[in-house]
S.K.: 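Pasting a structure below so you can have a look.
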Amino acid sequence: MDERYNPSAIEPQLQARWQAAQSFAVREDPAREKFYCLCMFPYPSGRLHMGHVRNYTIGDVIARYQRMQGKNVLQPMGWDAFGLPAENAAIENNIPPARWTRANIDYMRGQLQRLGFGYDWARELATCDPTYYRWEQWFFTQLYARGLVYRKTAVVNWDPIDQTVLANEQVIEGRGWRSGALVERREIPQWFVRITAYADELLTDLDRLEGWPEPVKTMQRNWIGRSEGLSIRFELESGGDALEVFTTRPDTLFGVTYMAVAPEHPIAKQMAEGNDEIAAFLAACAQMSTAESVFEKLEKLGLPLGVNVLHPLTGQLLPVWVANFVLMSYGTGAVMSVPGHDQRDYEFAKLYGLPIKQVIFPAADADPGIANVALTEKGLLGNSAEFDGLDFKQAFDAIAEKLASTGRAERRVQYRLRDWLVSRQRYWGCPIPVVYTDTDTLVPESPERLPVVLPEDVAWQGVASPLLGMPEFTTTTLPGTTTPARRETDTFDTFFESSWYFARFCCPDSDSAMVDYRAKYWMPVDIYIGGIEHAVLHLLYARFFHKLMRDAGLAHGDEPFTRLLTQGMVCKETYFRDTENGKRTYFSPTAVEVATDDKGRAISAQLTADGKAVQIGPVEKMSKSKNNGIDPQTLIDRYGADTVRLYTMFAAPPEQTLEWSDSAVEGSYRFLRGLWRLTFEHTRKAAIGAAAANGLSPELKAVRRRIHETIAKVTDDISRRYKFNTAIAAVMELVNALQRLNGHEVETHRVRQEGLEACVLLLAPIVPHCADSLWEALGNTANSLLDTPWPKVDTTALIRDEIELVVQVSGKKRGIVVVAADAAAAVAESAALADLNVQRHLQGHTVRKVVVIPGRLVNIVID
RNA sequence: GCCCGGGUGGCGGAAUUGGUAGACGCACCGGACUUAAAAUCCGGAGAGGGAAACCUCGUGCCGGUUCGAUUCCGGCUUCGGGCACCA
């Protein structure tokens with residue numbers, strides 16, 4: 001053993017040994033309990049960032065811990081390789097996305113290996129490989145056959161200069177990020193997968209996901225947004241198709257004073273013909289972004305269309321307005337407006353002087369009225385003809401029945417969830433396996449012709465997908481014929497690839513099926529670890545896809561992920577400059593110098609390169625687009641993988657946001673160095689003398705108790721609480737205690753040996769390289785540390801004779817008394833009353849009552 | 001705007017089921033060792049008062065429940081995440 005801890009020597013050596021011995025390769029073994037530990041695979045953006053390091057360290061710690069529990073542990077790794085950044089790199093540097101992506105994968109694979117993560121690399125997959133995406137093309141054709149995919153128009157962000165569709169991220173303040181052109185809404189044909197057909201199951205199955213965090217389940221419930229209501233048809237005064245709306249509040253029907261439709265609604269479009277004012281309003285609305293966050297903050301504006309509908313019960317004429325806050329993609333694109341009882345309708349009515357009518361009255365006597373604000377709570381009906389006096393439920397039923405009897409309405413369950421739009425007008429993605437005849441009839445590809453391979457050797461001209469200008473790709477024939485056909489140039493949303501990769505990891509080499517029998521052994525994933533930002537979209541799509549595969553006979557069980565651990569963001573402040581044309585350039589924190597005041601707060605920042613000021617932005621998730629990532633490589637080079645792993649686990653509990661600061665890493669390095677030296681000094685001296693006949697001294701007994709308390713705590717922290725920071729703190733405390741244990745007498749030596757072995761085993765999942773060396777140095781050469789069983793608690797070592805009780809007087813701590821561990825309440829009480837400081841506080845007061853919490857405290861309540 | 005989280009010393013955080021607020025670590029200060037530096041070791045520290053014992057205040061803000069609240073409830077404030085084409 002070296003006297004000094006030298007990670008740069010031991011880490012690569014051990015990693016080479018793991019690789020040579022294929023230490024993390026696993027196969028199915030029905031005799032053993034399996035554990036499938038999965039982290040969300042990375043997008044190969046170029047280099048690992050801190051979020052990756054945090055994510056993959058958590059996963060590796062859990063995987064190695066489970067392995068020491070004797071389980072057959074699968075921990076795979078792969079690449080979510082399609083996506084927008086590769087196209088941006090291609091446009092900027094003229095590198096084909098495939099080449100850029102594969103180079104990034106190679107580099108990042110090396111970084112993961114350098115961090116010592118225990119992956120079964122034989123299972124590595126990249127979603128941009130045809131061997132992977134051919135199966136989702138195949139699956140798509142199956143879904144098509146089952147009626148679960150369809151084509152429909154949808155609104156996209158259109159850049160009129162670059163002639164391309166923009167992602168929401170590429171729209172900055174209403175303008176295209178490259179061209180600066182005002183973005184337009186444009187309707188184009190798109191592909192959808194019918195997730196709404198599974199909405200109910202996706203919702204109800206959440207109740208069975210006991211291993212999922214409650215907030216994530218709540219977010220998914222709200223996202224699916226099930227509501228029960230009435231679909232009501234309002235006849236147009238002029239005849240023609242009725243205006244159909246959905247409402248969850250039919251009890252307010254008598255309070256409807258106008259109707260509102262989306263700018264894309266057929267009625268609005270129709271009325272715009274020959275009306276310049278309406279046409280101009282629709283044109284203005286057509287400049288809105290498609291992002292809901294932008295849209296919801298818009299000033300609510302509208303215009304009367306000059307048409308009326310008939311109230312279905314009163315026959316009263318109601319004007320139809322077009323309003324910028326009604327979304328065509330929600331429900332029918334039309335809403336009935338009840339300004340008396342809906343705040344948004346209320347504000348709109350006030351703005352345009354539309355009538356406001358109160359038809360709901362609180363059951364209680366206090367009537368707040370609707371003079372200043374809508375009354376949105378439920379109550380009793382009034383001003384509602386024969387329905388007056390009914391409550392919500394009664395009114396709902398009565399109005400539903402009455403409208404249904406004349407065919408004007410029916411009960412309906414509506415979801416906020418919309419069908420999944422899976423087509424993208426982009427190059428770097430999986431081609432959608434469909435061809436079109438010369439009359440635009442679509443025909444799905446036949447299985448024999450799959451995969452439809454994406455051409456990788458492409459040249460970029462402008463910003464549009466190069467597929468559009470590649471007749472060798474687009475020109476084809478109808479499957480099974482020689483009839484000419486045109487190939488679809490849209491590709492899949494990259495969420496499509498990430499919705500089933502966990503199943504493919506079980507059998508990545510399967511070339512005759514999407515997944516095979518091996519998936520049955522490994523699935524479901526026992527713990528899935530990834531960023532909280534995926535709480536809804538990715539995790540909902542993956543659950544959906546699993547159910548689709550189940551219904552195709554390709555998966556078992558209803559849910560893919562038994563437990564979910566959502567790690568918090570790794571955040572960092574942002575730095576930027578705005579240029580005249582509205583563009584914003586972000587600078588890396590490493591390229592910026594920050595001046596602080598004497599309290600350590602940042603007051604200004606300048607770019608090191610030019611010495612000129614940059615603006616300090618908010619603390620945000622480390623990301624490529626905000627350029628605020630910290631490169632972990634620098635830290636790995638300087639301190640080694642174990643220190644980086646230890647620090648990221650120690651800095652905060654996994655579910656919490658981690659605001660990165662690299663100054664504290666030093667402490668983790670010092671700790672490992674200290675443990676190393678302690679072990680070195682322990683092992684270079686032999687035990688002295690013979691064992692005493694009458695057992696351990698009280699001091700050594702206390703150390704042994706501490707050792708086993710630590711084992712119990714760390715086990716609980718890792719396996720139940722996933723609180724690695726407190727697990728590490730507990731080991732640090734034990735090491736501090738062992739450091740104070742001097743001498744080499746045989747009992748001392750033996751207790752220290754026991755303590756050091758415990759520390760090494762407890763730290764093994766977190767700092768595997770360092771632990772491996774120390775384990776060997778402590779004389780354990782027979783077995784690999786990887787498969788050494790997790791230490792067990794010696795419960796006899798935990799027994800205490802005496803304990804400390806806190807004594808409070810009226811809830812304030814006034815002293816501590818020592819009593820026997822099994823002291824009765826009466827004994828604890830009299831000991832507490834005997835305490836001098838306690839007596840002082842009791843003087844001149846009467847004891848009202850005494851609360852004794854055994855083993856914890858005594859609270860003496862005085863008047 | 002809507003949905004979901006968070007706010008505790010100079011800093012990251014701890015307090016697991018309502019029971020000692022500040023574990024562990026960083027930074028800092030003082031001391032030891034050293035020709036010196038690095039490394040290491042010992043000690044200090046929430047704020048205020050006091051020679052000390054000890055006392056008062058203190059977990060974003062306001063209010064409530066309780067013998068007792070960082071923890072539970074109501075209202076606010078502020079920061080972060082998501083909002084369907086970033087992944």
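Just so it is clear, the structure is predicted and the values come from calculations on it, not from any experiment. In what follows, every heavy atom counts, from backbone to side chain, and hydrogens, waters and symmetry copies are set aside.
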S.K.: Which part of the nucleic acid, if any, lies within contact of Glu299(A), taking any heavy atom under 4.0 Å across all strands shown: a base, the sugar-phosphate backbone alone, or nothing?
M.R.: nothing
S.K.: Using the C1' atom on both, measure A47(B) against C86(B) and round to a whole Å.
M.R.: 46 Å
S.K.: Are OP1 or OP2 of U40(B) and a side-chain N or O of Arg673(A) less than 4.0 angstrom apart?
M.R.: yes
S.K.: Taking the ring of Tyr669(A) and the ring of Tyr647(A), is the distance between their centroids below 6.0 Å?
M.R.: no
S.K.: Could you check whether Val156(A) gets within reach of a base, just the sugar-phosphate, or nothing at all, counting any heavy atom under 4.0 Å?
M.R.: base
S.K.: Does Leu417(A) reach a base, just sugar-phosphate, or nothing at all? Heavy atoms under 4.0 Å.
M.R.: base
S.K.: Just to be sure I follow the notation: if a pair is Watson-Crick (purine N1 to pyrimidine N3 plus N6-O4 or O6-N4) or a G-U wobble (N1-O2 and O6-N3), each under 3.5 Å, what dot-bracket string does RNA chain B give, with | for pairs to another strand?
M.R.: (((((((..(((......[....))).(((((.......))))).((((....))))..(((((..]....))))))))))))....
S.K.: Taking the same atom, C1', in C57(B) and in C3(B), what whole-Å distance lies between them?
M.R.: 38 Å
S.K.: Please classify the nucleic acid contact of Lys626(A) as base, sugar-phosphate, or nothing, using heavy-atom distances under 4.0 Å.
M.R.: nothing
S.K.: May I ask you to establish whether Arg416(A) and Trp223(A) are in a cation-pi arrangement, using a distance under 6.0 Å from NZ or CZ to the six-membered ring centre and at most 45° from the ring axis?
M.R.: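 Pair Arg416(A)/Trp223(A) counts as cation-pi.
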S.K.: Answer syn or anti for G9(B), where the cut-off is 90° from 0 on the glycosidic torsion.
M.R.: syn
S.K.: Would you say Ser810(A) places a side-chain N or O within less than 4.0 Å of OP1 or OP2 belonging to C67(B)?
M.R.: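 Looking at the OP1 and OP2 atoms of C67(B), neither is under 4.0 Å from any side-chain N or O of Ser810(A).
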S.K.: Under 4.0 Å, heavy atoms only, any strand: does Phe495(A) hit a base, just the sugar-phosphate, or nothing?
M.R.: base
S.K.: Tell me if a side-chain donor or acceptor on Ser423(A) pairs with a main-chain N or O of Gln190(A) at a distance below 3.5 Å.
M.R.: no
S.K.: Measure from the side-chain heavy atoms of Leu84(A) and tell me the nearest of C3(B), U16(B), A87(B).
M.R.: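 Among the listed nucleotides, the one closest to the side chain of Leu84(A) is A87(B).
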S.K.: May I ask you to decide whether Asp717(A) forms a salt bridge with Lys723(A), counting only side-chain N to carboxylate O separations under 4.0 Å?
M.R.: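 Judged by the 4.0 Å cut-off on N to carboxylate O distance, Asp717(A) and Lys723(A) do not form a salt bridge.
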S.K.: Roughly how far apart, to the nearest Å, are G7(B) and A21(B) at atom C1'?
M.R.: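 Roughly 16 Å separates the two C1' atoms.
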S.K.: For a quick test of reading the model: is some side-chain N or O of Arg670(A) closer than 4.0 Å to OP1 or OP2 of C26(B)?
M.R.: yes
S.K.: Check whether any side-chain heavy atom of Tyr639(A) sits under 4.5 Å from a side-chain heavy atom of Pro7(A), and report yes or no.
M.R.: no
S.K.: Consider the side chain of Asn222(A), meaning its heavy atoms from C-beta on, and name the nucleotide among C85(B), C3(B), G80(B) that approaches it most closely.
M.R.: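 Of C85(B), C3(B), G80(B), C3(B) is nearest to the side chain of Asn222(A).
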S.K.: Have a look at Trp223(A) and say if it touches a base, only the backbone sugar-phosphate, or nothing, with a 4.0 Å heavy-atom cut-off.
M.R.: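 If one applies the 4.0 Å heavy-atom cut-off, Trp223(A) turns out to touch a base.
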S.K.: Can you figure out which of A84(B), C67(B), A87(B) approaches the side chain of Val861(A) most closely?
M.R.: C67(B)
S.K.: If the plane angle is over 60° it's perpendicular, under 30° parallel, otherwise tilted; pick one for Phe192(A) and Tyr150(A).
M.R.: parallel
S.K.: How is Ala651(A) classified with respect to the nucleic acid when contacts are heavy atoms under 4.0 Å: base, sugar-phosphate, or nothing?
M.R.: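 The residue Ala651(A) makes sugar-phosphate contact but no base contact.
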S.K.: What is the nucleic acid contact for His538(A), judged by heavy atoms within less than 4.0 Å: base, sugar-phosphate only, or nothing?
M.R.: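 It contacts nothing in the nucleic acid.
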S.K.: Would you indicate what Tyr43(A) reaches in the nucleic acid, counting non-hydrogen atoms under 4.0 angstrom: base, sugar-phosphate, or nothing?
M.R.: sugar-phosphate
S.K.: Would you say a side-chain N or O of Asn725(A) is under 4.0 Å from OP1 or OP2 of A14(B)?
M.R.: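 Indeed, a polar side-chain atom of Asn725(A) lies that close.
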S.K.: Aromatic rings Phe496(A) and Phe545(A): how do their planes relate, parallel, tilted or perpendicular, breaks at 30° and 60°?
M.R.: perpendicular
S.K.: Does Asn168(A) put a side-chain nitrogen or oxygen below 4.0 Å from OP1 or OP2 of A84(B)?
M.R.: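 Answer is yes, contact under 4.0 Å.
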S.K.: Does Arg151(A) pair with Glu488(A) as a salt bridge, N-O distance under 4.0 Å?
M.R.: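 Yes.
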S.K.: Could you work out which one of C26(B), C85(B), G13(B) sits closest to the side chain of Asn157(A)?
M.R.: C85(B)
S.K.: Touch check for Glu533(A), heavy atoms < 4.0 angstrom, all strands: base, sugar-phosphate only, or nothing?
M.R.: base
S.K.: Just by protein heavy atoms under 4.0 Å, how would nucleotides 44-62 of chain B read 5' to 3' in B, S and -?
M.R.: ----------SSSS-----
S.K.: Using the C1' atom as the reference point in each nucleotide, state the distance between G46(B) and U40(B) in Å, no decimals.
M.R.: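 Result for the C1' pair: 29 Å, nearest Å.
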S.K.: Using the side-chain heavy atoms of Asn736(A), tell me which of these nucleotides is nearest: G25(B), C4(B), C85(B).
M.R.: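 Nearest to the side chain of Asn736(A) among the choices is G25(B).
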S.K.: For the side chain of Arg677(A), counting heavy atoms from C-beta on, which of U40(B), C4(B), C83(B) is nearest?
M.R.: U40(B)
S.K.: Could you check whether the side chain of Arg720(A) and the base of U16(B) have a donor-acceptor pair of N or O atoms closer than 3.5 Å, going by distance alone?
M.R.: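 Donor-acceptor pair under 3.5 Å: yes.
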S.K.: Name the closest nucleotide to the Asp493(A) side chain, picking from C85(B), C24(B), A84(B).
M.R.: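 Output: C85(B).
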S.K.: Using only side-chain N and O atoms of Gln656(A), determine if any of them is under 4.0 Å from OP1 or OP2 of G5(B).
M.R.: no
S.K.: Side chains of Arg856(A) and Val806(A): closer than 4.5 Å at any heavy-atom pair?
M.R.: no
S.K.: Starting at the 5' end of RNA chain B and moving along, which residue's nearest nucleotide shows up first, Phe82(A) or Val851(A)?
M.R.: Val851(A)
S.K.: Using the C1' atoms only, state how far C4(B) lies from G9(B), rounded to an integer number of Å.
M.R.: 29 Å
S.K.: Under 30°, 30 to 60°, or over 60°: which ring-plane class applies to Trp428(A) and Phe82(A), parallel, tilted or perpendicular?
M.R.: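 Rings of Trp428(A) and Phe82(A): perpendicular, over 60°.
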S.K.: Heavy atoms from C-beta onward define the side chain here; which of C24(B), C4(B), C86(B) lies closest to that of Glu733(A)?
M.R.: C24(B)
S.K.: With a 4.0 Å cut-off on N to O distance, would you call Glu214(A) and Lys217(A) a salt bridge?
M.R.: yes
S.K.: Of the nucleotides A84(B), C67(B), G80(B), which one has an atom closest to the side chain of Cys571(A)?
M.R.: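 Side chain of Cys571(A) sits closest to G80(B).
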S.K.: Touch check for Pro42(A), heavy atoms < 4.0 angstrom, all strands: base, sugar-phosphate only, or nothing?
M.R.: nothing
S.K.: Go through A84(B), A87(B), A15(B) for me and flag the one nearest to the Tyr330(A) side chain.
M.R.: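 Comparing A84(B), A87(B), A15(B) against the side chain of Tyr330(A), the answer is A84(B).
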S.K.: For Val165(A) and Glu804(A), take the nucleotide of RNA chain B holding the closest heavy atom to each; which residue's nucleotide lies nearer the 5' end?
M.R.: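 Upstream on the strand: Glu804(A).
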S.K.: So Phe671(A) and Leu763(A), do their side chains get closer than 4.5 Å, heavy atoms only?
M.R.: yes
S.K.: Has the side chain of Glu296(A) got a donor or acceptor that lies under 3.5 Å from a partner of the other kind on the base of C83(B)?
M.R.: no
S.K.: Is Ala729(A) touching bases, backbone alone, or none of the nucleic acid, heavy atoms closer than 4.0 Å?
M.R.: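 Touches a base.
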S.K.: Would the base of C67(B) count as contacting Asn859(A) through its side chain, where contact means a donor and an acceptor less than 3.5 Å apart?
M.R.: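 Such a pair exists between side chain and base.
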S.K.: Indicate, with a heavy-atom threshold strictly under 4.0 Å, whether Ser293(A) touches base, sugar-phosphate, or nothing.
M.R.: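 Touches a base.
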S.K.: Is it the case that atom CZ in Arg638(A) sees more than 12 heavy atoms from other parts of the structure closer than 6.0 Å?
M.R.: no
S.K.: Would you say a side-chain N or O of Arg721(A) is under 4.0 Å from OP1 or OP2 of U16(B)?
M.R.: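 Negative; the distance criterion is not met.
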S.K.: How are the rings of Phe724(A) and Tyr722(A) set relative to one another: parallel (under 30°), tilted (30 to 60°) or perpendicular (over 60°)?
M.R.: tilted
